[in-house]
Amino acid sequence: MDILNKIRTSSNKVKRHNRFIKAKQKKPLPLVSQKLLLFAFTLNDLTAEDEIEFKVSEFLGRHPGGKDLKQLDFGCDALASAKITLGEADHDSSQFDREYIPLFSKIKLDKTSIKFQFNGNFKNLLSPTGNYTQYLYSSVRHMRSPHAVRMYDLLSQGVGKYNSRKISVEELKSILGLSDSKSYKNFAAFNRSILQKCLKDINENTDLEVRLELIKTGRRCTHLEFFFTKKESEKKKSIAAPNQQNASNQSDSNETMQNSLQQKMKMLQSLGFSREEILRELLKTDVVNEVEETIEVESKVVEEPQPMQSSIDFEFQGKINKLHTRLTELGMAQDIVRLAVQRYQSNPNWKIWPEVNAVKMAQKDGQNFPNVHTLKKWIIGE
């Protein structure tokens, strides 16, 4: 497949494995580099073997000028030498373990396109099916601070799941790439120049409303707690769209029913039915329509129960398809997926869903238990 066909538009979602989001940086990436990197994660089925190609105009949202190319040149140069660090940094620990991995193996820029290729070591972290964070690229498009982009990336992990996130000052500095910066050794300077500016940028230019509380140990601020919610305008958009669709569907349904009744009335009149006979026939039609649209009605009320049974079968088939999708997303082997589906089909009361949801939540939280291996044993019945 042509790699250009894999690119989603900038209005779609950035999808990143949580290990990328939690990774430490030695130095902060420039703003244009941050946005280029996130734009890369709006790809479908991204692999380390792909040579990714963006049109410059696609990334910018407009035709590029000379200053744009200069900025992109600067951004690509920074990405070419960028790396992430995985692992813990406790130098006194007997299990000290760190990985320093360059992000890209190749980057190429010309006047019309940007081409780059991820380091092959990331092949298991690209296009994840579990333990990932997802948000709209448009949320970061208009941000002005590279630190704010990184902080939004980090806080997005908890949106819709938690109301707040607590983090130590030193850990946040390492994620932002500021651990070695002498300018921000003093917390007051870090708070004034980084934290407050990031909050302002996020609150003005994204879909989140964030506030910060400082947590002190003695007289020294050691931890931060970020409280975040979706802005009301974003909530209204997400609610308005389905409501408008439902209203439109209801209007169409009412109009269709009215036309149907009018047609039936004209037909009965042409056959010589009296006014009372026509009313009785129309009332029959209303009762039948109500029974067909409400699956909770007792079967003895319905003259032909088969359509109702078909609706129930269709609903259960949807649950079976959903189970297959969820297990595949968790990374379960296909032979185990098939076994689980077969067991669920033979016993719809099988308590598979709590087990699946527990593993999904553990992956999102970065926990090691429960996992796909324990779920596999549970499915097999070991």
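Clustering ILVMFWY residues whenever any of their side-chain heavy atoms sit less than 4.5 angstrom apart, transitively, puts Leu214 in the very cluster that holds Phe226. Linking Ile, Leu, Val, Met, Phe, Trp and Tyr whenever their side-chain heavy atoms come within less than 4.5 Å puts Trp353 and Ile380 in one cluster. Cluster membership for Leu154 and Tyr162, using ILVMFWY side-chain heavy atoms within less than 4.5 angstrom, is not shared. Criterion: ILVMFWY side-chain heavy atoms under 4.5 Å apart, direct or through other members. Under it, Leu172 and Ile215 are not part of a common hydrophobic cluster. If you chain together hydrophobic residues whose side chains sit under 4.5 Å apart, Phe227 and Ile202 never meet in one group.
At least one side-chain heavy atom of Leu212 sits less than 4.5 Å from a side-chain heavy atom of Leu199. Residues Ser139 and Leu136 meet the side-chain proximity criterion, which asks for heavy atoms closer than 4.5 Å. Looking only at side-chain heavy atoms (C-beta outward), Lys111 and Val56 stay at 4.5 Å or farther from each other. Within the 4.5 Å cutoff, no side-chain heavy atoms of Arg141 are placed close to those of Lys35. Counting heavy atoms from C-beta outward, Arg16 and Thr133 have side chains that stay 4.5 Å or more apart. Proximity of Cys221 to Leu224: side-chain heavy atoms (C-beta onward) are separated by under 4.5 Å at one or more points. In this structure, the side chains of Leu323 and Leu327 come closer than 4.5 Å at one or more pairs of heavy atoms. Using a 4.5 Å heavy-atom threshold, the side chains of Arg165 and Phe228 count as touching.
With Trp378 as the aromatic partner, Lys351 does not meet the cation-pi criteria of under 6.0 angstrom to the ring centre and within 45 degrees of the ring axis.
Closest approach of Leu330 to Val372, counting heavy atoms only: O-CG1, 3.2 Å. Scanning all heavy atoms of the two residues, the minimum distance from Lys22 to Ile175 falls at O-CG1, 4.1 Å. When all heavy atoms of Ala189 and Ser183 are compared, the closest pair comes out as CB-O, 3.6 Å. Between Val210 and Asn203, the shortest heavy-atom distance links the atoms N-OD1, 2.7 Å. For the pair Cys198 and Ala148, the tightest heavy-atom approach, listed with the atom from each and the gap, is SG-N, 3.4 Å. The two residues Leu38 and Val14 come nearest to each other via the heavy atoms O-CG2, 3.7 Å.
At a cut-off of 3.5 Å, with distance as the only test, no side-chain donor of Asn205 or Tyr152 sits close to an acceptor on the other residue. Looking at Tyr135 and Asp153, their side chains do bring a donor and an acceptor atom within 3.5 Å of each other.
Within a 6.0 Å radius of NZ in Lys108, no more than 12 heavy atoms belonging to other residues, nucleotides or ligands are found. Other residues, nucleotides and ligands contribute at most 12 non-hydrogen atoms within 6.0 Å of the CZ atom of Phe74. The environment of Asn368 atom CG is sparse: at most 12 non-hydrogen atoms of other residues, nucleotides or ligands sit within 6.0 angstrom. By the 6.0 Å contact criterion, CG on Asp335 is enclosed, its count of non-hydrogen atoms from other residues, nucleotides or ligands being greater than 12.
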Derivation of the side-chain contact (heavy atoms from CB on, under 4.5 Å) call for Met332 and Thr328: CA-CA 5 Å; Met332 191 71 67; Thr328 302; over 6 Å; no
Step-by-step side-chain contact (heavy atoms from CB on, under 4.5 Å) determination, Ile194 to Leu178: CA-CA 10 Å; Ile194 302 297; Leu178 298 173; 4.0 Å; yes
Step by step, work out the side-chain contact (heavy atoms from CB on, under 4.5 Å) result for Ser168 and Thr222. CA-CA 6 Å; Ser168 73; Thr222 57; over 6 Å; no
Go through Phe20 and Tyr132 one step at a time and tell me if the ring pair (Phe, Tyr, Trp, His ring centres under 6.0 Å) criterion holds. CA-CA 9 Å; Phe20 274 121; Tyr132 63 84; over 10 Å; no
Where do Ile107 and Lys115 land on the side-chain contact (heavy atoms from CB on, under 4.5 Å) test, with the steps shown first? CA-CA 6 Å; Ile107 299 179; Lys115 298 178 182 179; over 6 Å; no
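Under the 3.5 Å distance criterion, the side-chain polar atoms of Ser33 are left unmatched by any main-chain donor or acceptor of Leu29. With Arg343 contributing its side chain and Ile352 its backbone, the two residues share no donor-acceptor pair below 3.5 Å. The closest donor-acceptor contact from the side chain of Asp207 to the backbone of Lys230 lies at 3.5 Å or more, if one exists at all. With hydrogens and angles ignored, the 3.5 Å screen pairs no side-chain donor or acceptor of Lys106 with any backbone N or O of Asn119. A donor-acceptor pair under 3.5 Å links the side-chain atoms of Thr374 to the main chain of Asn371, judged by distance alone. Panel note: side chain Lys231, backbone Thr206; a donor-acceptor pair is recorded below 3.5 Å.
A salt bridge links Asp68 to Arg62: one of the charged nitrogens lies within less than 4.0 Å of a carboxylate oxygen. Using a 4.0 Å cut-off between a side-chain N of Lys or Arg and a carboxylate O of Asp or Glu, Arg144 and Glu204 qualify as a salt bridge. Contact check on Arg211 versus Glu209 returns no salt bridge, with no Lys/Arg side-chain nitrogen under 4.0 Å from an Asp/Glu carboxylate oxygen.
Distance check, rounded to the nearest 0.5 Å: CE of Met361 to CG of Asn357 gives 8.5 Å. Taking CD from Glu355 and NZ from Lys360, the interatomic distance works out to 15.5 Å, rounded to the nearest 0.5 Å. A distance of 10.0 Å separates CD of Glu171 from OG of Ser179, quoted to the nearest 0.5 Å. In this structure, the separation between CG on Leu72 and CD1 on Ile114 is 4.5 Å, given to the nearest 0.5 Å. Here Phe187 contributes atom CZ and Lys173 contributes atom NZ; the two are 8.5 Å apart, rounded to the nearest 0.5 Å. Atom NE2 in His17 sits 8.5 Å away from atom OG1 in Thr129 (nearest 0.5 Å).
Between Phe54 and Phe116, the ring planes lie perpendicular to each other; the angle is over 60°, past the 30° to 60° tilted range.
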